[in-house]
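For reference, the structure discussed in these notes is given below.
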Amino acid sequence: MAKLGIQDDLRIENSRGTVVALSCKMVGGGIDGSLDLCARVCLIDEHERIIFHSYVAPNLPVTNYRYETTGIRPEHLRDAVPLKEVSRKIQDYLCNGEPIWQIRSRSGSARILVGHGLDHDLKCLDLEYPAIMIRDTSIYPPLLKTSKLSNSLKYLTKAYLGYDIQTGVQDPYDECVATMKLYMRMKSQAHKREDYPLANDPQNRNNFASWRQTIEPQEAQLERLEKPSYTKWLDGMLEQGKSVLYIAFGTQAEISPEQLKEIKIGLEKSEVNFLWVVRKRERSRFSKPLWVELVIESICAKVLILAWPMMAEQHLNARMVVEEIKIWLRVETCDGSVRGFVKCEGLEEPIRKLMEGEHGKEARKKVKQLVIQSKVDHRGKR
């Protein structure tokens, strides 16, 4: 890592700092590359000295490195520090020897964490930290100059600090410096107590912490109000412990009107709960469907899949997962060809097997076993 200018160990000489700023750079995961995966993280102290700066090896495969903004290439992550190890190092440093459940804002040795959009960063790092110790510049009232719940760090830095950031390749160190400067500047100013409601807990008199505690219930209410009907329906299925079949064919598959009709009839006959995503034909950014990543994600999430191979090497991948690993089921066409027609009966039967039959139960057991086996690393240690 030294060749890349990255420091992947916490420095002892910085251990006396009481305030630290954190920023992450995300690469893309998932089939379409839209899933945020932390691939680089930076931590600095109040004097803008680097405490920790490292590339991070995500838990899931990277399908979009977003090089134009992250500057991250595959070779940067080849020997990167695993996400779990990075999270442990950062949390240990933040807590500073104090148990996380005993952390208080006015006493103890735990450090104040500064950042922008920290909820998202901490979620991607799989890291928890008490809200009373977090100072998030994206939701601090004096910095909110629009009707939105947050302002971009790029705008705040230009408006309050007078310089530009996030132009071209974005460096998490620059973002840490900007958030730390914003925090130190706003901290030194007096703010009217009546303008910004404080938390009832007397220990939380700092405006940053108390606004965070005040606004979270409002955000939760907005989230509930803005949920679309299908999301509410899915939440209801989850509460009832019922499974839902999700149907999507991606952006490259060409489905005829006759085939769509048969799919509809097959789904209705199967009598299972399902959510079917249908959209207009559009071009995909990928030259071919990323079935290898789909296999890995389905295993990690313990989700069964009903495979319908239609092009390229999909039929070979389907055969491997259905016949050899035996964790998926497959839709068979009338003539056995990859591009063949599927009747409603040919869809109804495998759906029932997957959702309700013994075959589906055995596949679920197999997936759980694979997840347990995957926890053993290449050195044979858990």
Side-chain angles (χ1 to χ4, degrees), residues 28-35 63 223-224 226-286 288-312 314-315 317-318 321-322 327-357 359-361 363-364 367:
I31 299 303
D32 59 356
S34 63
L35 178 65
T63 56
E223 183 181 357
R224 286 194 297 270
E226 295 172 357
K227 277 187 178 181
S229 58
Y230 67 86
T231 303
K232 295 178 181 178
W233 177 76
L234 287 172
D235 290 342
M237 293 295 103
L238 181 62
E239 291 177 0
Q240 298 174 42
K242 295 182 179 180
S243 298
V244 176
L245 179 68
Y246 176 77
I247 306 104
F249 294 98
T251 57
Q252 288 188 330
E254 297 182 6
I255 312 294
S256 66
E258 294 79 10
Q259 184 63 85
L260 288 173
K261 183 178 179 180
E262 290 295 321
I263 295 173
K264 178 182 177 181
I265 296 173
L267 288 170
E268 290 177 348
K269 286 187 175 182
S270 69
E271 297 181 345
V272 300
N273 299 310
F274 67 88
L275 178 64
W276 187 3
V277 178
V278 181
R279 55 182 172 181
K280 295 181 179 180
R281 181 183 176 186
E282 57 185 26
R283 291 185 178 181
S284 171
R285 72 176 68 180
F286 302 111
K288 57 184 178 180
L290 300 174
W291 269 49
V292 175
E293 285 76 9
L294 180 61
V295 172
I296 296 173
E297 288 184 16
S298 69
I299 294 174
C300 293
K302 302 178 186 178
V303 173
L304 301 185
I305 290 183
L306 183 60
W308 188 339
M310 294 184 178
M311 64 188 71
Q314 290 182 352
H315 66 289
N317 294 327
V321 184
V322 174
I327 57 172
W328 287 10
L329 279 78
R330 178 173 177 171
V331 174
E332 298 293 345
T333 60
C334 295
D335 58 4
S337 66
V338 175
R339 297 182 180 275
F341 193 81
V342 176
K343 297 287 290 183
C344 60
E345 295 82 5
L347 191 59
E348 175 190 358
E349 183 180 356
I351 288 177
R352 287 184 179 275
K353 286 183 178 180
L354 179 77
M355 302 292 287
E356 302 170 351
H359 198 130
K361 294 179 181 178
R364 288 184 180 86
V367 169

- prompt: Hey, mind stepping through Glu262 and Leu347 against side chain to side chain contact (heavy atoms under 4.5 Å, CB included) and telling me if it holds?
  reply: CA-CA 8 Å; Glu262 290 295 321; Leu347 191 59; over 6 Å; no
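Counting heavy atoms from C-beta outward, Trp276 and Leu260 have side chains that approach closer than 4.5 Å.
The main-chain N or O of Gly30 is found under 3.5 Å from a side-chain atom of Thr63 such that the two form a donor-acceptor pair. Proximity of a side-chain donor or acceptor of Arg352 to a complementary backbone N or O of Glu271 within less than 3.5 Å is not detected. Judged by distance alone, with hydrogens and angles left aside, the side-chain atoms of Gln259 form a donor-acceptor pair with the main-chain N or O of Val342 at under 3.5 Å.
In this structure, CG on Leu238 lies 10.0 Å from OG on Ser243, to the nearest 0.5 angstrom. One finds the CG atom of Leu245 at 10.5 Å from the CD1 atom of Ile305 (value rounded to the nearest 0.5 Å). Once rounded to the nearest 0.5 Å, the distance linking NZ of Lys343 with CD of Glu258 reads 11.0 Å. Annotation: the span from Ile263 atom CD1 to Trp308 atom CH2 amounts to 4.0 Å, rounded to 0.5 Å. If you take CG on Leu267 and CD1 on Ile351, they are separated by 4.5 Å, rounding to the nearest 0.5 Å. A distance of 12.5 Å separates NZ in Lys264 from SG in Cys344, rounded to the nearest 0.5 Å.
In terms of heavy atoms, Met355 sits closest to Asn273 at CE-O, 4.4 Å. Taking every heavy atom of both residues into account, Pro350 and Leu306 meet most closely at CB-CD1, 3.7 Å. The two residues Arg364 and Leu354 come nearest to each other via the heavy atoms NH2-O, 3.3 Å. A pairwise comparison of heavy atoms in Phe274 and Trp233 identifies O-CH2, 3.7 Å as the closest pair.
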